[in-house]
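Below, read A as the first sequence line, B as the second, and so on, with proteins coming before strands; counting in each chain starts at 1. Just so it is clear, the model here is predicted, and its values are computed rather than measured.
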There are 2 protein chains.
Amino acid sequence: MPHLAFPNTNCEEFRCSTHCSVRPLAICGELSPEEHQEFERLAQHVRYAPKEPLFSEDEVSDSVFSLIEGIARLYKLLPDGRRQIIGFALPGDFLGMAPTPRYSFSADAIGTVVTCRFFKGPFNRFIENKPHMLMRMNEFATRELGQAQDQMLLLGRRSAEEKVAAFLVSWRDRLARVEGVTKTVTLPMGRQDIADFLGLTIETVSRTFTKLEREKLIVIVPDGVRVLDPKRFDALAAA
Amino acid sequence: MPHLAFPNTNCEEFRCSTHCSVRPLAICGELSPEEHQEFERLAQHVRYAPKEPLFSEDEVSDSVFSLIEGIARLYKLLPDGRRQIIGFALPGDFLGMAPTPRYSFSADAIGTVVTCRFFKGPFNRFIENKPHMLMRMNEFATRELGQAQDQMLLLGRRSAEEKVAAFLVSWRDRLARVEGVTKTVTLPMGRQDIADFLGLTIETVSRTFTKLEREKLIVIVPDGVRVLDPKRFDALAAA
DNA sequence: TTCGGGCATTGATCTGTGTCAAGTTGGCTT
DNA sequence: AAGCCAACTTGACACAGATCAATGCCCGAA
């Protein structure tokens, strides 16, 4: 098992506690008990330290991943170093499908991350005669595509203030799927990550947060924001 | 058959000439002869006049489409009318999958368009026990997702000149798949469409074309451009 | 052959966001 | 408890691309 920060210890523990909590959301969420047992035998449970890469763009793609715990940033780079974050992955998300034999983007852990890793060969053999699994993968791909299209609209046509507001709303809603509804939105990623996701600079993101706070729409708290006026806020994000 | 500009005439002609020419590229490209025959019985061949909608965002999505002939623009609108074109569909492309029961974007014909239309019910029944068909749909979704991610990088992090150059290069390469390699790149869409695809204004697109021509990278011709220095041009598009 | 109307180009000016340069804050290390 | 460092904020200024306003160019209709 080369280049893993933490070797694959304590799998049994993962299998019975952490892993199961996101299973209904994950790619394997609709497998029968027997199928799931077979599926688990293909999986390696891998833990990544903060900032550690899961995989990198242009690397030969031998594995796919189901994110179990933590948050990952997915991004592409231009030759001169400009970065675009194409998404943040949450528990339940499925990573690593690519239209070529190499990864089409890079992924790294934001905080500590745990994944289920599958080598492509065994994974493909497992799914190839399981229509319901293939349909689930289609659902996942279609949902991702929908998110990507929303993001194109945001990147191409929204102002900085609209970008930040829309980001906070959609992040709040995505978090709700895994952690339930909360009043304060936790932001595990830094300002630079938000900037690179929204096609802005870190300074503009910072100024925009401050502006939204001055306008009494949010309060900035450590590691997140509290939304004060959800009505007005959702309106700003939509328009 | 409500609201179709041209009723469904001459299906046999489509089946044996036009249709077949893109079949290897299309979703149905790997069906066995028997399967394909069954599949064709589910299809309506529909022709659309220039500018006519195939479907609109938020409409209940009862059908999916395989584009056979012509080019469609796919776009999303903000409430105040700002538009983002999320892609141009070419023959062989598969349209209409959405993460919700409604279309997540609008599509309309640029020139004259011909599609294979499938109602979702029969379509889903046809594919649900055909793993190779499901895998093909996965390939299509994954390819689209990859394109969407490239476009996010373009929208978020490239300059106007880089956007236009990257657009021309990728459009030239996509056209090559259906019409073969040519020296001049035909642009069936107008400047406003290009602007709305690249997150720019029509004036900036126009000025950028002129600038690329002054720099002797392209020549502007009716309905397209001729690329003079592919080497230098690809470099500009990549960086 | 002229007219009209869309589409594209070009010019002048404005502005939102980027860039550059200090500060500030808060959490860790020693 | 002091000192450090990374992450964030704030301010002053610059500039790429938007906006506003003509003008040009085709092509189809009469």
[X] [atom1] - [N] [atom2] separation (whole Å):
X: B:M189; N: C:dA8; atom1: CE; atom2: P; answer: 11 Å
X: A:R191; N: C:dG18; atom1: CZ; atom2: P; answer: 16 Å
X: A:E161; N: C:dT17; atom1: CD; atom2: P; answer: 9 Å
X: B:Q192; N: D:dT19; atom1: CD; atom2: P; answer: 11 Å
X: A:L212; N: D:dT9; atom1: CG; atom2: C1'; answer: 15 Å
X: A:K211; N: D:dT9; atom1: NZ; atom2: C1'; answer: 16 Å
X: B:I202; N: C:dC7; atom1: CD1; atom2: C1'; answer: 7 Å
X: B:D223; N: C:dC7; atom1: CG; atom2: C1'; answer: 12 Å

Heavy-atom neighbours of B:D80 CG exceed 12 at 6.0 Å
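Count over threshold, so yes.
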Where is the tightest heavy-atom contact between A:L154 and A:A166, given as atom of each residue plus distance?
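Looking at all heavy atoms of both residues, the closest pair is CD1-CB, 3.8 Å.
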Between B:S206 and B:R191, do the side chains contain a donor N or O and an acceptor N or O under 3.5 Å apart?
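The answer is no; no qualifying pair exists.
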Establish, with yes or no, whether the OP1 or OP2 oxygen of [N] is under 4.0 angstrom from a side-chain nitrogen or oxygen of [X].
X: B:T201; N: D:dA18; result: yes
X: B:T204; N: D:dG17; result: no
X: A:T210; N: D:dT10; result: yes

Which residue, B:I220 or A:P222, contacts DNA chain C at a nucleotide closer to its 5' end, judged by nearest heavy atom?
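By nearest-heavy-atom nucleotide position, the 5'-most residue is B:I220.
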Ignoring hydrogens and angles, are the base of C:dC20 and the side chain of A:E203 linked by a donor-acceptor pair under 3.5 Å?
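Answer yes: a donor N or O sits under 3.5 Å from an acceptor.
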Determine whether any donor atom in the side chain of A:R207 lies under 3.5 Å from an acceptor atom in the base of D:dG11, or the reverse, and answer yes or no.
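Such a pair exists between side chain and base.
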Among the nucleotides D:dC8, D:dA7, D:dA18, which one has an atom lying closest to any side-chain atom of B:L200?
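Comparing D:dC8, D:dA7, D:dA18 against the side chain of B:L200, the answer is D:dA18.
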Measuring from the side chain of A:S206 (C-beta onward, heavy atoms only), which nucleotide among D:dG17, D:dC8, C:dG18 has the closest atom?
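Among D:dG17, D:dC8, C:dG18, the one nearest the side chain of A:S206 is D:dC8.
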Validation row: A:L198, A:E162 side chains within 4.5 angstrom (heavy atoms):
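Answer no - side chains too far apart.
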Check the angle between the aromatic planes of B:Y48 and B:F65 and answer parallel, tilted or perpendicular using the 30° and 60° thresholds.
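Perpendicular, since the angle between the ring planes exceeds 60°.
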